[in-house]
Amino acid sequence: MTVGFNFLEAPELPAPQVSDAQAEEILATHYGLRARATSLGSQQDKNFVVTVDGEIVGVLKIANPAFNATEIEAQDLAAEKIAEAEPLLRMAVPLPNIAGQKCTALTGLVDGTAYVRLLRFLPGGTLLDSGYLSPTVVAGLGEVAGRVSRALEGFRHPGLDRVLQWDLRYGTAVVAELISYVTDPLHRARVDATATEAWSRIAPLVDELPRQAVHLDLTDANVVVARRADSSPEPDGVIDFGDLTDSWAVSELAITASSVLGHPGSEPISILPAVRAFHAIRPLTTAEVDALWPLLVLRTVVLIVSGAQQASLDPDNPYLTAQSGGEWRMFEQATSVPIDVMTEVIRADLGLAARPDPVAGSLIDVDPTSVVTLDLATTSDVYDSAFENDGSLEAGVEDGLARAAAQDGARLVVTQYGQPRLSRTPKLSQESPNVVATGISIWPSAPTRLAAPWDGEVIADDDLTLRGVDFELTLSGVHAVASGRVNAGDPLADAPADAWVEVGVRPVGAPAAPLLTRSELAPGWLALTRDPRPLLGLPAVAVPDAGDLLSRRDASFAPVQEFYYRKPPQIERGKRHYLMSTAGRTYLDMVNNVTVLGHAHPRIADTAARQLRKLNTNSRFNYAAVVEFSERLAGMLPDPLDTVFLVNSGSEASDLAIRLATAATGRRDVVAVREAYHGWTYGTDAVSTSTADNPNALATRPDWVHTVESPNSFRGKYRGNEAVKYAGEAVQQISQLVADGRPPAAFICESVYGNAGGMALPDGYLQQVYAAVRAAGGLAISDEVQVGYGRLGEWFWGFMQQNAVPDIVAVAKSMGNGYPLGAVITSRAVADGFRTQGYFFSSTGGSPLSCAIGMTVLDVLRDERLQENAARVGAHLKARLQALQHKHPIIGTVHGIGLYLGVEMVRDAETLEPAPEETSAICDRMLELGVVIQPTGDHVNILKTKPPLCIDLEAADFYVDTLDRVLTEGW
Ligand SMILES: Cc1ncc(COP(=O)(O)O)c(C=O)c1O
């Protein structure tokens, strides 16, 4: 006999009807408040926001009269207990009325006694309208649930003794009671079958599930958030204890996690951070882990049937109609993956996966030495020449490889179980693709008879299934030669020659696996299938595990050499403007400015291989390549820049440029632009003041470095038309240096402002400053390391955009398409001036290999018209990004030209307050959706958009569409 409310006896629970005016009267009479009450949406109770002089002071809650005083007392005590035990959590505890009571009992307001409380208001809002929930926010939800669960363990009260429709112990009874409210018969049947299936997983576990007091509604609607600096939510508070009861502890987490699935962009695996966070605070038992996903599924069914019932009781309640779309989304997501698969995914994620034994039996009697195993992983060499011109893998690449192996004498070609196959990866996709094999494919080179590996029943339709006692074998692409019962060794099927046969093995009762699954679900499907290779007499292949590559990296590779992303994919291959991970995902590469021609360009690979087979030595020897390459470089620059030095990097090139200037002028002072980066060497670091690269940059300059204002026309000292004033100021500073007796050797500057995301310098800037430094006897250095070499589309060199000619040009990055290559090009007179500092030699700068690669890069740039492509695709990209700016106010502006663009993110269009945290979160979400992009700039708030120059319109659109999606759904 339950003491409190019993839903199963009183399933209709419309919210009490109380007006705002009545609520205001209660506040005045019982709380001494002259306040405004504004009705809030709620399913069972009646709630009002209470404001005094425009400030929210609390929430007035009139409990549904179906709940009694004992139940309400339990709720108030529970809130107080959690507040005490978990000081990090904010709690909606009750505030006393004028009689000092937490609860005001009123008669005459509703039928029976109305229990009224004024609850503490927790500012910050909930996650209900938050759009996409990032893994960090989802983890935050799980953490709140874990803390509440931990705090409520051991809390006992008679008011917990109730039967609530949200208590999943009664899930099937609730569904039975309410399912008739779901009017669409197809929906009703689906919902019913789902509840039955979920319960079939829960029922065997119920005796093992620990019970305790649970809040039971810690969802996106009842967890309150604090706002971080970037206004992103941080779950830290709890409201609404109306569903407090005694139930399975794990229900708390199941209900919290279910609410994640209502948000755009979420899918079953999105709940994992919440599960991990909960488990870290309140460890789950094995039975709880196994019950979690079925309970979550059941929860989504309960929400649907309850929503249908409430809508029919209270058809005008807009709160209910607004909710039902989200509830269906939750249900669709919860049922998008078989229950057992998600349970295995959760187990694996918590490190609790079982290691199944391999299968035994013989399907084909074949000499293992005549079997060839195909490696279709991202790292495999089989793909080296298998790409089409557009960067996609040739259709039928797997067939071609099998045919070739068979021609070489293989009796059987076999693929690998559990291997992510790059051969199945689409070029561009916001979804992670189905690439991980849950079985194997075999390709016999001659017709082959297959035998039953165990006793069992043959079921033949499109596929052939042999169901034994423990395992089920599925073959597709064969002709059955048996039916009914067979014994191990009996003929089973014939496989044709030169075609794939798919072989799958799973324990009897496991769901039928798709041939390929996503890497995120692979731990689930692989736990519910077996490697069929032992049936061919071959050893099972272990799915390779690189271990924790990042901690190994940090142990051996200086961690100050940071990596992109907190959880970066392991990238082991590239093609054109695509990067491929070992999980078989292809990403659009929007950051690799160095690989101008695109990744793994075959002409570069050929050049390197041919040259390495012939000669690689240094420029003290006499060979043609160094001459030809120097001639070509010099030929690409205006007079008098006719003399070339060859080095290995941008840092070396800029460093050498500075040394040439100091040698030629006999001076030591250098003028540089603030917020720029020129390299890591001692000299280039001295002239670099980008705080993104070195936070102490400005304060630690040596005395020979003099900086001028960064000519930022968007957010700098002078903006828009005023930006022309930067040049005048720089000229004045140079004159002052002369006046101080420290005339500069050089002025060094990027010809397009790279650190600001590719911003053009103000008109006339370089002409004026170059003139001033020359008038003072110094030299003008143009750092073209990032912006030169065709990226700007309209101009090959950045200084051309300014109609200025420098005295020294430093270039690198693009020159070698990723092979280390740099150059300094200057006049003969300046080059000769270096004699005063000795001679110049670089062991590998200008080597035959460097020069051969450098010339091939120039050939490909020309032959593939990549500068033209930069202009064409860049213009399209910029126009589309600018259009996006009108839609999303966070985009402050779009800098740049050609394929050097910067999307600058701001919190406020007026103040231009930078949005660095938002930019970082946007980059993380872009990665999830298949785009590699990173922030830049001193405020780290600019999406530095600088892909390989071979990028096409399709990929440019993919980038913009993905950014649009992220900015629309949230990050
Ligand atoms: C403008 C500029 N100059 C010089 C360098 C240094 O080039 P590297 O990294 O090849 O040494 C960089 C590198 O980012 C750069 O952006």
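Every heavy atom of this structure was used, including side-chain atoms; hydrogens, water molecules and symmetry mates were not. Note that ligands are numbered from 1 as they come in the structure, with each ligand's atoms numbered from 1 the same way.
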In short, ring-ring contact (aromatic ring centres under 6.0 Å, His included) pairs touching residues 659-684 with sequence neighbours left out are none
Taking any residue with a non-hydrogen atom under 4.0 angstrom from an atom of ligand 1, which ones do you get?
Ser649, Gly650, Ser651, Tyr677, His678, Gly679, Trp680, Glu750, Asp783, Val785, Gln786, Lys813
Are Tyr578 and His599 an aromatic pair by the rule of ring centers under 6.0 Å?
no
Under 3.5 Å, is there a donor-acceptor pair between the Ser690 and Asp938 side chains?
yes
Give a yes or no on whether the ring-centroid distance for Tyr726 and Tyr765 is below 6.0 angstrom.
no
Is there a side-chain hydrogen bond (donor to acceptor under 3.5 Å, both in side chains) between Ser847 and Asn616? Walk through the geometry before answering.
CA-CA 6 Å; Ser847 70; Asn616 202 20; 3.3 Å; yes
Just to verify, which of Asn593, Thr586, Asn592 counts as forming a side chain to side chain donor-acceptor pair (under 3.5 Å) with Asp589?
Asn592
